[in-house]
Amino acid sequence: MSTTNMAGSNNYWEDLRKQARQLENELDLKLVSFSKLCTSYTSSSPDQRMRDSRSDSLGSSHDNSLVAMTTELDQLLANLTAVNDKMAECTSTPGASSHNAGLMHTLQRHRDILQDYTHEFHKIKSNFYSLREREDLLGSVHRDIESYKSSSGVNNRRTELFLKEHEHLRNSDSHIDNAISIAMATKENITFQRGMLKSIQTRVTTLANRFPTINSLIQKINLRKRRDSIILGVVIGVCTILLLLYTFQ
């Protein structure tokens, strides 16, 4: 392959990488906005959602925003998948064999990021639909109770206590669902960060294997950290013993 073709191939690869990074940044921002939009729906009070359902402008506006953002995220994921496919084609060209390992590593990293974003998007959407179905069911029960009260005119003490207890149970269930949603989002973020740290650790290990001096330096740092930990543990133990002796004197 001529120098001109190799330069053109390199420029095409860099353009694809720029497109991939831009799409990944857009996906990250859109996923945060999508999560907030879903949370704002599930965290609103049942009375507020009932008022929104009665108001065509408010209810349809929220639903339209969800549909539009879901469509936009699907399109961004499809675009990022297409860019990754083009990058895979570049790695299979004959001119890329000289530095194919580096290209494959970069391609794998972008594929991992795409997989994480796809998983997170489907997870948020699935959790939101499950919570909305549950809230719709609870709202239906609440409307049935309100309809029964208005039609029968039952206002005795037992019915009021039952309705209050039902309201408390529904609020407790809503708080539990919100806590579970937050915990699941936190778990997803920790898993994503762990993958990023693992990738960084792999790269550092590769560099350490290539450069023995760096490997030796890392070993010395680890030995020093271990020694400092032992010294700190001994100091803490001695201080604890002295404090106990002073206390029980």
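Please read all numbers here as calculations on a predicted model, not as lab measurements. Start at 1 with the first residue, then count along the sequence.
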- Message: Nearest 0.5 Å, please: how far is CD in E14 from NZ in K18?
- Response: 7.0 Å
- Query: Under 3.5 Å, side chain of T70 to main-chain N/O of L66, donor-acceptor pair present?
  - Reply: yes
- Task: Pick out which of T247, T240, I241 makes a side-chain contact (heavy atoms from CB on, under 4.5 Å) with L243.
- Result: T247
- Query: Say you draw a straight line from CE of M184 to OG of S126; how long is it, rounded to the nearest 0.5 Å?
  - Reply: 7.5 Å
- Do F34 and E72 have side-chain heavy atoms sitting under 4.5 Å apart? no
- Query: With no hydrogens and no angle check, do the side chains of Q19 and D15 hold a donor and an acceptor under 3.5 Å apart?
  - Reply: no
- Assess whether atom NZ of K30 is packed by more than 12 heavy atoms of other residues, nucleotides or ligands within 6.0 Å. no
- What distance do M69 atom CE and S35 atom OG have between them, rounded to the nearest 0.5 Å? 10.5 Å
- Is any side-chain heavy atom of L16 closer than 4.5 Å to a side-chain heavy atom of C90? yes
- Query: Just how far is it from atom CD1 of I124 to atom NE2 of H119, taken to the nearest 0.5 Å?
  - Reply: 10.0 Å
- Query: Do M87 and L103 have side-chain heavy atoms sitting under 4.5 Å apart?
  - Reply: no
- Message: One pair to check against side-chain hydrogen bond (donor to acceptor under 3.5 Å, both in side chains): Q75 and N79. What are the steps and the verdict?
- Response: CA-CA 6 Å; Q75 185 62 44; N79 293 339; 3.0 Å; yes
- Query: Mind checking whether L242 and V234 sit in one hydrophobic cluster, side chains of I, L, V, M, F, W, Y counted as touching below 4.5 Å?
  - Reply: yes
- Item | Spacing of CG belonging to L76 relative to CZ belonging to F121, to within rounding of 0.5 Å | 9.5 Å
- Does the S199 side chain pair with the main chain of G195, one donor and one acceptor, at a distance under 3.5 Å? no
- Note on the structure: Value for CG (L232) from CD1 (I236), rounded to nearest 0.5 Å, stands at 4.0 Å
- Do the side chains of S181 and N127 get nearer than 4.5 Å, heavy atoms only? no
- Message: Taking the side chain as everything from C-beta on, heavy atoms only, tell me whether C239 gets closer than 4.5 Å to V235.
- Response: yes
Using residues 106-116 as the side-chain source, report each donor-acceptor pair under 3.5 Å to any protein atom, sequence neighbours left out, with the distance given to one decimal.
{"from": "T106", "atom 1": "OG1", "to": "G102", "atom 2": "O", "distance (Å)": "3.1"}
{"from": "Q108", "atom 1": "NE2", "to": "D112", "atom 2": "OD1", "distance (Å)": "3.0"}
{"from": "H110", "atom 1": "ND1", "to": "E24", "atom 2": "OE2", "distance (Å)": "2.7"}

- Query: Do Y129 and L77 share a hydrophobic cluster, counting only Ile, Leu, Val, Met, Phe, Trp and Tyr and linking them when any side-chain heavy atoms are less than 4.5 Å apart?
  - Reply: yes
- Note on the structure: Taken in chain and number order and not counting sequence neighbours, the residues that satisfy salt bridge (Lys or Arg N to Asp or Glu O under 4.0 Å) with E26 are none
